[in-house]
Every structure is written in structure tokens, then in C-alpha cells.
Amino acid sequence: MILSLVLLVLIQSAGVTPVVVSTRSPIVSVEENLDAELSCDFKTERESNPRIEWKKKDKEVSFVYFKEHFTGPFQGRATMDGATVRLQGVTQADAGEYRCEVSAALDTIKLGETNVTLKVLVPPHTPSCDVPSSALTGSQVELRCKDQHSIPPASYTWFKDKTALLPVWQPNATYTVDEITGVLIFQTVSRSDTGLYYCEAKNGVGSPKRCASTHMQIDDLNVPAVITGVVVVCILVILCTFGVCYARRQGYFSPVRYCRSFWIAQCHGVAHISSQNLNRTEHIQHSGYSHPPQESQDFKHTQSFML
């Protein structure tokens with residue numbers, strides 16, 4: 001680079017004008033589907049018919065204009081004026097960096113180039129909004145807004161009942177809103193936060209777009225109803241437990257089936273007691289017949305008889 005500059009200074013000091021290539025707009029920003037102009041101006045030393053080429057630098061360098069013809073997707077939708085290219089109906093695929101190269105075979109410096117960056121802008125689309133339909137007082141509520149298509153990325157503004165919710169920096173603020181991410185957070189909602197909410201996206205290209213309004217209802221927590229529900233559930237559990245225990249004692253459930261359905265630890269204890277009772281019964285059945293105890297006189301008489 002330094003050597004080229006030194007050579008250019010030496011040539012200019014000698015009164016020679018080498019090929020010079022420049023652009024009037026190194027960065028071109030155009031809204032999608034409109035026309036874009038990629039300017040390229042040049043001056044040559046002696047060459048009157050220089051070779052002009054346009055290339056696009058993407059993952060690989062590809063030709064746009066080569067041998068006096070447009071190539072690939074530029075055929076039929078691009079025109080040339082001198083060395084300036086005019087593209088019709090640009091799309092996102094056209095965005096990128098372009099290079100204009102001018103070759104002058106008769107000049108001392110035979111090649112000159114300049115770069116032009118094309119940015120294709122996309123106006124906001126209708127953003128997707130996530131607004132809960134209801135919430136309880138004291139809870140945290142989060143509302144989200146996003147537009148995936150706008151270029152440059154959109155900024156977001158939330159509205160409640162057609163009034164903008166602007167960022168608030170006080171430490172005691174009831175909400176926080178991020179205009180970049182589109183997230184609105186109520187740390188603890190109250191009934192006064194009930195209303196119609198919608199979000200608007202804008203990026204300076206085209207007109208802003210907003211989502212449909214959604215009503216968010218904030219209700220107080222019904223503490224007596226919650227307590228009543230808990231009490232009812234507890235009563236039902238107790239009744240079911242006593243019912244099963246009573247049925248088991250009446251012989252409607254075997255210990256095995258009962259163990260599979262209810263408290264296993266207690267059933268193990270029942271099964272242990274039942275097994276002990278079963279062993280005792282079997283012992284009594286196999287021990288044989290036992291005579292009642294004899295009177296003392298009979299015992300003595302038997303003794304004397306044996307003697």
C-alpha cells in the first residue's frame with residue numbers, strides 16, 4: 001500500500017495522470033424493492049476505452065459485470081452508464097459490498113478500483129405481541145413485542161389505552177420497558193394496570209406498524225376461596241383414608257392390594273402382624289389334643305395305682 005502511494009506521488013510529480021477510480025457514494029442505503037445506483041467514476045492517462053468490471057464480495061468474489069455483460073441474477077435488471085451500475089428492484093440478496101475495477105492497458109498504472117456497500121432497508125412488519133389476558137395483583141407480569149424482519153432492527157414502544165409507556169428511571173417505578181428488546185415488565189401488578197395494551201415498531205424506514213390491542217385484566221387474589229378449597233381437599237382426603245381403612249378391616253381389601261394403593265409402611269406392619277397370627281394358628285392346629293388338668297385327688301390315686 002505504501003509502495004503504491006509512493007509510486008503515485010512520483011508519477012504525479014512527473015506530470016503523468018494515472019487511472020483514477022472513485023465513487024460519489026461509498027455507502028448506498030435503499031429501501032427494499034426500490035432502485036439503487038452504484039456510482040463509479042474514473043479518469044485515465046491515455047487509455048480511451050478501458051475495461052470495466054464489477055464484482056461482488058460475498059463468501060466468494062463473483063462477477064456482476066464482465067465483458068460488457070451483466071451476469072447471473074443481475075441480467076435483465078441492471079443497466080450501465082459509463083462505469084456506474086443501476087439496479088432495479090433491489091432485494092436482500094443484493095445487499096453486500098461491490099467493487100468497481102477499471103483496467104487501462106495504455107496507462108502507467110493499469111488498474112484502479114473503488115468499493116461501494118449496498119444496504120437494503122426493510123420497513124417494519126406487524127410485530128408479534130405477547131400480552132397475558134389476566135393476572136393476579138402482586139404478581140410479576142411480562143409483555144413481549146418483536147419484529148423479525150425490519151432492517152435496521154426496529155425500536156419498540158408500548159401503549160396502554162393509547163398512552164405511550166415511556167422508559168422510567170425512578171427506582172420506585174412500577175414498570176420497566178426496553179425499547180430495543182420490546183420487553184415490558186411489571187414487577188408487581190395492581191388493579192390499576194388493567195387495560196388495553198399494544199406495541200408499535202419503527203426503524204425510520206417506511207411507516208411504523210403495530211399489533212392488535214389486547215385487554216389485560218388484573219384481579220385480586222380471592223384468599224377465602226383458596227382457604228375453602230384447601231379445607232375441602234383435606235376433608236376429602238381424610239374421608240377417603242378412613243373409608244379405605246374401614247373397608248380393609250371388614251375384609252374387602254387384602255393386605256397386598258391395600259399395600260399397592262395406600263401407605264406401604266403401615267401395610268408392612270399389618271402384614272407382619274397378620275403373619276404372626278397365621279403362625280400362631282398353624283402352631284395350635286398341629287400341636288394335637290390337650291387333656292384338661294386333672295384334680296389333685298385323681299393324680300394321687302393314679303400315683304398310688306402305679307405304685
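Just the heavy atoms: all of them, side chains too, but no hydrogens, waters or symmetry mates, feed the values below.
For Gln92, there are no side-chain hydrogen bond (donor to acceptor under 3.5 Å, both in side chains) partners, not counting sequence neighbours. Residues passing the side-chain hydrogen bond (donor to acceptor under 3.5 Å, both in side chains) test with Tyr198, sequence neighbours excluded: Arg210. Taking the side-chain hydrogen bond (donor to acceptor under 3.5 Å, both in side chains) definition, one finds that Thr114 meets it with nothing, sequence neighbours left out. Applying the salt bridge (Lys or Arg N to Asp or Glu O under 4.0 Å) criterion to Asp41, with sequence neighbours excluded, gives Arg24. Partners of Phe74 by ring pair (Phe, Tyr, Trp, His ring centres under 6.0 Å), not counting sequence neighbours: none found. Every residue two or more places apart in sequence or in another chain that forms a side chain to side chain contact (heavy atoms under 4.5 Å, CB included) with Asp178 is listed here: Ile180, Thr181. Residues forming a side-chain hydrogen bond (donor to acceptor under 3.5 Å, both in side chains) with Glu47 (at least two apart in sequence, or on another chain): none. Among residues two or more places apart in sequence or in another chain, the side chain to side chain contact (heavy atoms under 4.5 Å, CB included) test is passed with Pro132 by Val141, Leu143, Met216.
Within 6.0 Å of atom CD in Glu68, 12 or fewer heavy atoms from other residues, nucleotides or ligands are found, so the atom counts as exposed in its surroundings.
In this structure, Asp35 CG and Leu87 CG are separated by 8.5 Å, a value rounded to the nearest 0.5 Å. With values rounded to the nearest 0.5 angstrom, Phe70 atom CZ is found 4.5 Å from Met80 atom CE. Between the CG atom in Leu34 and the OG1 atom in Thr91 there is a gap of 12.0 Å [rounded to 0.5 Å]. Rounding to the nearest 0.5 Å places CD of Glu31 at 11.5 Å from CD1 of Ile151. Between the OG atom in Ser48 and the CZ atom in Arg46 there is a gap of 11.5 Å [rounded to 0.5 Å].
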Under 3.5 Å donor-acceptor pairs involving side-chain atoms of residues 96-104, not counting sequence neighbours:
residue: Glu97; atom: OE2; partner: Lys57; partner atom: NZ; Å: 3.1
residue: Tyr98; atom: OH; partner: Asp94; partner atom: O; Å: 2.6
residue: Arg99; atom: NE; partner: Glu101; partner atom: OE2; Å: 2.7
residue: Arg99; atom: NH2; partner: Glu101; partner atom: OE2; Å: 3.0
residue: Glu101; atom: OE1; partner: Lys55; partner atom: NZ; Å: 3.4

Return a table of donor-acceptor pairs under 3.5 angstrom between the side chains of residues 115-128 and protein atoms on other chains or two or more places apart.
residue: His125; atom: ND1; partner: Pro123; partner atom: O; Å: 3.4
residue: Ser128; atom: OG; partner: Lys146; partner atom: O; Å: 3.3

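Here the side chain of Ser39 pairs no donor or acceptor atom with the backbone of Thr23 at under 3.5 angstrom. At distances below 3.5 Å, not a single donor-acceptor pair connects side-chain atoms of Asn203 with backbone N or O atoms of Pro153. Side-chain N or O atoms of Thr84 include one that pairs as donor or acceptor with a backbone N or O of Cys40 at under 3.5 Å.
In terms of heavy atoms, Val30 sits closest to Ala36 at CG2-CB, 3.6 Å.
Under the disulfide bond (SG atoms under 2.5 Å apart) criterion, the residue pairs touching residues 110-173 are Cys129-Cys211, Cys145-Cys199, with sequence neighbours excluded. Pairs passing the salt bridge (charged side-chain N to carboxylate O under 4.0 Å, His left out) check and including a residue from residues 179-194, sequence neighbours excluded, read Arg191-Asp220.
A chain of hydrophobic side-chain contacts below 4.5 Å, direct or via other Ile, Leu, Val, Met, Phe, Trp or Tyr residues, connects Val168 to Val189.
Using a 4.0 Å cut-off between a side-chain N of Lys or Arg and a carboxylate O of Asp or Glu, Lys202 and Glu200 do not qualify as a salt bridge.
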- Tell me, with the steps shown, if Tyr156 and Asp147 meet side chain to side chain contact (heavy atoms under 4.5 Å, CB included). CA-CA 9 Å; Tyr156 306 96; Asp147 173 19; 3.8 Å; yes
